[in-house]
Amino acid sequence: MEPGNDSGISEFLLLGFSEEPELQAPPIWLFLSMYLIAVFGNLLLILAVSSDSHLHTPMYFFLASLSFANICFTSTTVPKMLWNIQTQSKVITYADCITQMYFFLLCAVLDDFILSVMAYDRFMAICHPLHYTVIMNPQLCGLLVLMSWIVSALNSLLQSLMVLWLSFCTVLEIPHFFCELNQIIQLACSDTFVNDTMMYFATVLLAGAPLAGVFYSYFKIVSSVRGISSAQGKYKAFSTCASHLSVVSLFYCTALGVYLSSAAPQSSHTSAVASVMYTVVTPMLNPFIYSLRNRDIKRALKRITGVPVM
């Protein structure tokens with residue numbers, strides 16, 4: 001097959017949350033509010049970490065990186081969705097669709113890797129406290145985040161380039177509110193065996209491996225904490241992991257919900273609703289999860305805003 005878009009298409013149609021007209025216009029103010037809370041909440045968290053010298057530690061460096069990834073993640077899909085709702089348009093150009101798909105894949109995998117790196121950081125802090133500052137030095141922390149960006153970008157680039165080789169049929173309706181890789185591949189008229197194989201391989205490798213790393217880190221953490229004699233010591237050790245565990249659970253549960261809903265037949269509406277949890281709700285809740293249980297973050301936010309955080 002010759003490379004390129006053989007069908008000469010110029011645009012796709014994003015059907016949104018349902019093909020039924022009465023379900024086409026969800027409240028724009030709700031999604032706009034959620035998006036603004038997600039963006040400004042994560043920006044405030046980044047500002048708090050960068051402006052407070054007491055927060056210049058590996059844990060908070062990774063937290064700021066996660067917040068930045070969350071901003072990018074939610075910004076790849078929500079603004080276009082809001083624009084389509086406001087203008088009552090379903091159109092997205094072919095180039096914009098591929099671009100949106102590229103950045104969505106990049107940010108999703110980046111979130112996954114950073115959560116895994118944060119689990120490794122907690123593992124080193126609890127299981128190897130005497131060597132923590134030596135091992136988790138600024139150079140290693142920067143390298144871990146940089147490698148996360150590089151691997152995520154290369155995967156997104158490869159997946160996007162492979163989509164450019166596909167030719168598409170006359171039906172160009174995507175039953176979603178953004179351009180998702182699996183949905184685009186399903187619209188192709190040409191053979192998609194290589195695309196499907198690469199997509200599933202990347203999912204297993206780039207989602208399964210970080211998740212396995214998280215499980216291993218917390219398995220070692222639990223084993224180490226069980227050896228602590230005092231109840232206060234156990235509580236202090238687990239309390240440093242509580243926020244991260246909450247975010248990991250939220251991220252993977254919503255991602256699993258999207259996967260299961262998209263795998264079920266006749267589930268475009270369910271999949272779109274589940275994706276809202278994945279792309280909007282999760283980035284919006286992350287700053288609250290980390291700030292409400294962390295005294296250092298509360299202090300930094302109070303110093304910036306002048307308003308005490310509950």
Side-chain angles (χ1 to χ4, degrees), residues 14-20 23-43 45 63 66-85 100-101 103-116 118-119 152 174-184 199 203 206-208 210-211 214 242-293:
L14 297 173
L15 298 182
F17 294 90
S18 174
E19 298 180 19
E20 300 176 14
L23 298 176
Q24 281 294 311
I28 186 173
W29 60 266
L30 176 62
F31 290 111
L32 178 60
S33 301
M34 294 168 66
Y35 174 67
L36 292 177
I37 292 173
V39 170
F40 286 109
N42 282 285
L43 279 176
L45 204 55
L63 175 58
L66 178 66
S67 294
F68 181 75
N70 284 335
I71 294 173
C72 297
F73 187 41
T74 192
S75 296
T76 59
T77 58
V78 179
K80 178 60 179 177
M81 177 186 68
L82 294 175
W83 175 259
N84 285 358
I85 295 175
Q100 185 184 63
M101 181 189 69
F103 283 105
F104 177 81
L105 286 172
L106 188 154
C107 295
V109 175
L110 182 61
D111 260 18
D112 198 18
F113 274 116
I114 293 180
L115 287 173
S116 179
M118 294 175 74
S152 302
I174 300 176
H176 221 309
F177 62 90
F178 66 93
C179 292
E180 195 263 336
L181 176 62
N182 186 44
Q183 299 284 354
I184 296 177
M199 179 178 62
T203 300
L206 301 181
L211 182 59
V214 171
S243 297
H244 179 256
L245 276 174
S246 301
V247 172
V248 167
S249 301
L250 184 63
F251 179 84
Y252 281 105
C253 287
T254 52
L256 182 62
V258 172
Y259 174 79
L260 293 177
S261 61
S262 61
Q266 299 178 351
S267 61
S268 60
H269 175 65
T270 304
S271 179
V273 173
S275 295
V276 171
M277 294 291 297
Y278 184 50
T279 60
V280 185
V281 177
T282 300
M284 180 186 70
L285 292 180
N286 284 355
F288 293 100
I289 293 174
Y290 276 102
S291 61
L292 293 178
R293 294 184 57 88

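Any value given below was found using the heavy atoms of this structure, including those in side chains, with hydrogens, waters and symmetry copies removed.
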Contact summary for Gln100 and Thr77, nearest pair of heavy atoms: NE2-CA, 3.8 Å

Heavy atoms only: give me the nearest Thr74-Thr279 pair and the separation to one decimal. OG1-O, 3.0 Å

Can you list everything that forms a side-chain hydrogen bond (donor to acceptor under 3.5 Å, both in side chains) with Asp112? Sequence neighbours excluded, please. Tyr252

Which pair of non-hydrogen atoms, one from Met284 and one from Phe288, has the smallest distance, and what is that distance? O-CD1, 3.2 Å

Taking CE in Met199 as the centre, count heavy atoms belonging to other residues, nucleotides or ligands within less than 6.0 Å. Is the count above 12? yes

Shortest non-hydrogen contact between Tyr290 and His244, atoms and distance: OH-CA, 3.4 Å

If you take all heavy atoms of Ser75 and Ile71, which pair is closest and at what distance? OG-O, 2.7 Å

Heavy-atom closest pair, residues Ala69 and Ile114: CB-CD1, 4.3 Å

Can you list the steps and then say if Asn286 with Leu45 is a side chain to side chain contact (heavy atoms under 4.5 Å, CB included)? CA-CA 10 Å; Asn286 284 355; Leu45 204 55; over 6 Å; no

Return the CG to CG distance between Asn42 and Leu63, rounded to the nearest 0.5 Å. 8.5 Å

Should Phe103 and Phe73 count as side-chain neighbours, where that means a heavy-atom distance under 4.5 Å? no

Could you state the interatomic distance from CD1 (Ile289) to CG (Leu250), rounded to the nearest 0.5 Å? 5.5 Å

First locate atom SG of Cys179, then atom CG of Leu14, and finally report the distance between them rounded to the nearest 0.5 Å. 5.0 Å

Working to the nearest 0.5 angstrom, can you tell me the gap between Ile28 CD1 and Leu82 CG? 5.0 Å

At what distance, to the nearest 0.5 angstrom, does CD1 of Ile184 lie from NE2 of His176? 10.5 Å

